[in-house]
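What follows is a short report on a single structure.
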Amino acid sequence: MRLIGQLAVLTGISLTASAIHFRISGPPERRVSCDPSNLKAHEICLDQVMARWKGKVLWVDARTRKEWQADGVPGSILWSLDPAEDAFKFEEDAMNHLMEEPPAVIVYCGEGNCGLSHQVVEKILKFDLTKDVYALHGGVGALRAARMLKGSN
């Protein structure tokens, strides 16, 4: 019984200390770090997108339709590589938006180092309508940290 009491006291002290630390320091930083010197070809940091174009770009979501509908960037278009989807419809949709001559096209996909965005970038570059096509480093994680996704007020 004494052991349980000691564990309860230690747990209480630990929880109190962590609550105080949280109150002083705030929540952990969720920002995705991005070093422009370490980027792959046709990859870009969110900070660069915001500095260069103020975020006024054509956002292309390379995730699934369900994910895009749940929390895609407002105004973005979907280009899913899901084989159950109509690939030609995505190309047509993208072409219509590219004809409006956006300053740049930024493709994002799931968390971290998602290769889907790079595949979509290659497809868009083949249209040869713009050279400013990039995969967003950090994908949806960077957008979530910047509170740019639907419902992230």
Side-chain angles (χ1 to χ4, degrees), residues 14-153:
S14 296
L15 287 174
T16 303
S18 62
I20 291 169
H21 182 269
F22 181 83
R23 216 152 158 113
I24 292 170
S25 301
E29 186 175 321
R30 305 264 187 231
R31 199 173 107 82
V32 173
S33 65
C34 184
D35 181 2
S37 64
N38 292 332
L39 296 177
K40 299 175 189 171
H42 291 284
E43 193 172 46
I44 195 166
C45 299
L46 183 57
D47 292 344
Q48 292 173 298
V49 174
M50 300 313 283
R52 202 162 157 192
W53 300 289
K54 310 289 186 256
K56 305 278 192 259
V57 297
L58 174 59
W59 293 100
V60 178
D61 195 323
R63 300 177 301 160
T64 65
R65 180 176 299 280
K66 184 178 178 181
E67 291 171 312
W68 174 65
Q69 289 172 334
D71 69 351
V73 172
S76 65
I77 64 170
L78 176 65
W79 190 323
S80 175
L81 296 178
D82 182 350
E85 293 277 4
D86 183 359
F88 294 114
K89 174 73 174 120
F90 294 132
E91 287 183 18
E92 178 186 342
D93 210 22
M95 286 298 287
N96 289 336
H97 283 84
L98 288 170
M99 293 299 189
E100 297 171 8
E101 297 184 39
V105 178
I106 310 298
V107 182
Y108 65 94
C109 59
E111 301 283 343
N113 197 11
C114 175
L116 293 175
S117 57
H118 291 278
Q119 292 176 39
V120 172
V121 165
E122 291 303 318
K123 289 178 179 287
I124 294 171
L125 284 170
K126 287 181 182 175
F127 291 143
D128 202 26
L129 295 173
T130 180
K131 297 291 182 217
D132 286 326
V133 182
Y134 302 94
L136 180 65
H137 178 81
V140 77
L143 295 166
R144 185 174 291 115
R147 305 183 67 78
M148 292 178 63
L149 299 174
K150 290 179 197 167
S152 65
N153 303 334

Exercise for review: Could you tell me whether the side chain of Y108 reaches within less than 4.5 Å of the side chain of D61, counting heavy atoms only?
Suggested key: yes
Check your understanding: OG of S33 to NE2 of H137: how many Å apart, nearest 0.5 Å?
Key -> 6.0 Å
Exercise for review: To the nearest 0.5 Å, tell me how far E91 CD sits from D86 CG.
Suggested key: 9.5 Å
Review point. Does the pair W59 and L143 meet the rule for a side chain to side chain contact (heavy atoms under 4.5 Å, CB included), with working shown?
Key: CA-CA 11 Å; W59 293 100; L143 295 166; 4.0 Å; yes
Check your understanding: So, for P103 and K56, which heavy atoms are closest and what is the spacing to 0.1 Å?
Key -> CG-O, 2.9 Å
Practice item. Taking the side chain as every heavy atom from C-beta outward, state whether Q48 and L39 have any pair of such atoms under 4.5 Å apart. Key: yes
Exercise for review: Supply the atom-to-atom distance E100 CD to L98 CG, rounded to the nearest 0.5 angstrom.
Suggested key: 9.0 Å
Review point. Do you know which of V105, L136, I106, V133 makes side chain to side chain contact (heavy atoms under 4.5 Å, CB included) with V121?
Key: V133
Practice item. Can you measure from CD (E67) to SG (C109) and round to the nearest 0.5 angstrom? Key: 9.5 Å
Point to revise | Rounded distance [0.5 Å steps], CD1 in I44 versus CG in D47 | key: 10.0 Å
Practice item. Any chance you could measure C34, atom SG, to L46, atom CG, to the nearest 0.5 Å? Key: 8.5 Å
Practice item. List the atom of E43, the atom of H118, and the distance in Å for their closest heavy-atom pair. Key: OE2-NE2, 3.5 Å
Revision key, fill the gap. Of all heavy-atom pairs linking A62 and V107, the shortest is CB-CG1, 4.0 Å
Ignoring hydrogens and angles, write down the donor-acceptor pairs under 3.5 Å from the side chains of residues 71-82, residues two or more places apart or on other chains.
unit_1 : atom_1 : unit_2 : atom_2 : d
D71    : OD1    : R63    : NH1    : 3.0
D71    : OD1    : R63    : NH2    : 2.9
D71    : OD2    : R144   : NH2    : 3.4
S76    : OG     : W68    : NE1    : 2.8
S76    : OG     : V73    : O      : 2.7
S80    : OG     : R63    : O      : 3.4
S80    : OG     : D82    : N      : 3.1
D82    : OD1    : A84    : N      : 3.0

Review point. Between D132 and T130, do the side chains contain an N or O donor and an N or O acceptor separated by less than 3.5 Å?
Key: no
